[in-house]
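Start at 1 with the first residue, then count along the sequence. None of these values were measured; they are calculated from a predicted model.
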Amino acid sequence: MSIQIKQATVEDSVFLAEMILQSSRAGKKDGLFDLLFETNDDTVILEKLEKLTQTTAKSHCHYSNFLIGKMDGINVGTLCSYEPRIATKETFINALAEIDCIEQEEHLEVLFACDFKLNNRTLMFDFMEELEGFIDVGVLKALMQKSLLTARLKGYRIAQTIIEIGSLESQLLYKKLGFSEVNQLKCELYKEKFGRLGLSLMAIEF
């Protein structure tokens with residue numbers, strides 16, 4: 001079975017919403033969007049995430065930032081890449097406002113408390129996910145290779161990603177793809193909200 005990589009379109013919003021939710025929870029009971037949308041109802045969260053991928057404000061969740069991996073015509077994985085100078089935290093707040101999530105300042109506090117002050121000359125990766133039945137068949141590697149090729153054409157030489165401290169599966173996956181840890185940020189508020197010590201910044205030069 002060969003892997004095809006395509007640019008996501010607005011028609012892919014349902015699948016992107018599923019992968020964003022899966023990524024945000026990362027084995028936890030509650031992820032960022034459970035917190036922001038104040039519910040654990042998957043149907044409600046997925047509906048809001050679907051809308052979030054289509055907002056005028058192009059946050060990191062916007063469909064245009066995603067590549068999708070397909071096998072036999074089925075969507076099986078995603079990888080989001082975005083420029084932190086464009087998809088800022090303020091852009092994310094504006095996107096949330098567009099879908100009527102406007103009273104979330106107290107929940108958004110965790111995003112500002114655990115902040116690496118990212119370099120605008122780096123490209124960020126997020127939401128690298130695959131369907132359960134397609135793990136370790138090369139989907140994520142193919143997505144990463146395509147993303148790095150596109151990033152190089154745009155003039156980038158460093159890409160980074162943020163994972164949770166203690167998320168060993170994610171850490172091993174990114175290390176396997178050539179990333180190494182460059183910084184760690186322990187955060188009491190993050191631990192209080194999600195039960196994890198904080199965040200780890202990983203990077204790759206290419």
Fill in: Within 6.0 angstrom of Glu90 CD, more than 12 heavy atoms from elsewhere
yes
Practice prompt. Taking all non-hydrogen atoms of both residues into account, name the closest pair between Gly77 and Val139 and its distance.
Written response: CA-CG1, 4.1 Å
Response to the item:
Distance col, row Glu129:CD vs Ser170:OG, nearest 0.5 angstrom, shows 7.0 Å
Worksheet item: Taking side chain as C-beta onward, heavy atoms only, is Leu185 less than 4.5 Å from Leu201?
Response: no
Worksheet entry | side chain to side chain contact (heavy atoms under 4.5 Å, CB included) assessment of Leu177 paired with Ile204 | CA-CA 9 Å; Leu177 293 169; Ile204 185 172; 5.9 Å; no
Discussion item. Would you say Leu49 ends up clustered with Val10 if hydrophobic residues are merged whenever their side chains have heavy atoms under 4.5 Å apart, either directly or through other cluster members?
Written reply: yes
Worksheet item: What's the shortest heavy-atom distance between Asn94 and Ala57, and which atoms?
Response: CB-CB, 4.0 Å
Worksheet item: For the residue pair Gln160 and Ala203, what are the closest heavy atoms and their distance?
Response: CG-CB, 3.7 Å
Worksheet item: Under 3.5 Å, side chain of Gln7 to main-chain N/O of Phe66, donor-acceptor pair present?
Response: yes
Discussion item. If we check side chain to side chain donor-acceptor pair (under 3.5 Å) with Ser200, which of these qualifies: Lys186, Gln184, Glu181?
Written reply: Glu181
Worksheet item: Is the closest side-chain heavy-atom distance between Lys51 and Thr55 below 4.5 Å?
Response: no
Worksheet item: Going through the distances and angles, do Thr53 and Ile20 end up as a side chain to side chain contact (heavy atoms under 4.5 Å, CB included)?
Response: CA-CA 10 Å; Thr53 67; Ile20 290 171; 3.9 Å; yes
Worksheet item: So if you build clusters from Ile, Leu, Val, Met, Phe, Trp, Tyr with side-chain heavy-atom gaps below 4.5 Å, do Ile74 and Met19 land together?
Response: yes
Practice prompt. Determine whether Lys58 and Asn65 make a side-chain contact, defined as any pair of heavy atoms from C-beta on separated by less than 4.5 Å.
Written response: no
Practice prompt. Show your reasoning for whether side chain to side chain contact (heavy atoms under 4.5 Å, CB included) applies to Met144 and Phe179.
Written response: CA-CA 11 Å; Met144 184 64 68; Phe179 284 74; 3.7 Å; yes
Worksheet entry | Arg157 CZ: over 12 foreign heavy atoms closer than 6.0 Å | yes
Worksheet item: So, for Gly69 and Ile5, which heavy atoms are closest and what is the spacing to 0.1 Å?
Response: CA-CD1, 4.0 Å
Discussion item. Less than 4.0 angstrom from a charged side-chain N to a carboxylate O is my criterion; do Asp34 and Lys28 meet it?
Written reply: no
Worksheet item: Nearest 0.5 Å, what's the CD1-CG distance between Ile163 and Leu199?
Response: 9.0 Å
Worksheet entry | Charged N-O contact under 4.0 Å between Lys70 and Asp12 | no
Fill in: Glu164 side, atom CD; Lys191 side, atom NZ - distance, nearest 0.5 Å
13.5 Å
Discussion item. Would you say that Ile3 contacts Leu143 through its side chain, given a criterion of any heavy-atom pair below 4.5 Å between the two side chains?
Written reply: no
Discussion item. When you compare the side chain of Ser167 with that of Arg196, does any pair of heavy atoms fall below 4.5 Å?
Written reply: yes
Practice prompt. Using the side-chain hydrogen bond (donor to acceptor under 3.5 Å, both in side chains) rule, take Thr91 and Thr88 through it: C-alpha gap first, then chi angles, then the decisive distance, then the call.
Written response: CA-CA 5 Å; Thr91 306; Thr88 62; 2.9 Å; yes
Worksheet entry | Heavy-atom check, side chain of Leu123 versus side chain of Glu83, under 4.5 Å | yes
Item to complete: Determine whether Met202 and Leu197 fall in the same hydrophobic cluster, where Ile, Leu, Val, Met, Phe, Trp and Tyr are linked whenever their side-chain heavy atoms lie under 4.5 Å apart.
Response: no
Fill in: Test item: Gln22 side-chain N/O and Leu131 main-chain N/O as donor-acceptor pair under 3.5 Å
no
Worksheet item: Do Ile165 and Phe116 share a hydrophobic cluster, counting only Ile, Leu, Val, Met, Phe, Trp and Tyr and linking them when any side-chain heavy atoms are less than 4.5 Å apart?
Response: no
Item to complete: Check whether Phe33 and Val44 end up in the same hydrophobic cluster, where Ile, Leu, Val, Met, Phe, Trp and Tyr are linked by side-chain heavy atoms less than 4.5 Å apart.
Response: no
Item to complete: Rounded to the nearest 0.5 Å, what's the gap from OG1 on Thr122 to CZ on Arg85? Could you check?
Response: 11.0 Å
Worksheet item: Any side-chain heavy atom of Val110 within less than 4.5 Å of one from Glu192?
Response: no
Practice prompt. Measure from the ring center of His60 to the ring center of Phe127 and say whether it is less than 6.0 Å.
Written response: yes
Fill in: From CG (Leu52) to CG (Leu46), nearest 0.5 Å
12.0 Å
Discussion item. If you define the side chain from C-beta out and look only at heavy atoms, does anything of Met128 sit under 4.5 Å from Leu79?
Written reply: yes
Worksheet item: Atom SG in Cys101, atom CG in Leu36: separation rounded to 0.5 Å?
Response: 7.5 Å
Fill in: Residues Leu96, Phe37; criterion side chain to side chain contact (heavy atoms under 4.5 Å, CB included); working and verdict
CA-CA 10 Å; Leu96 288 171; Phe37 302 147; 4.1 Å; yes
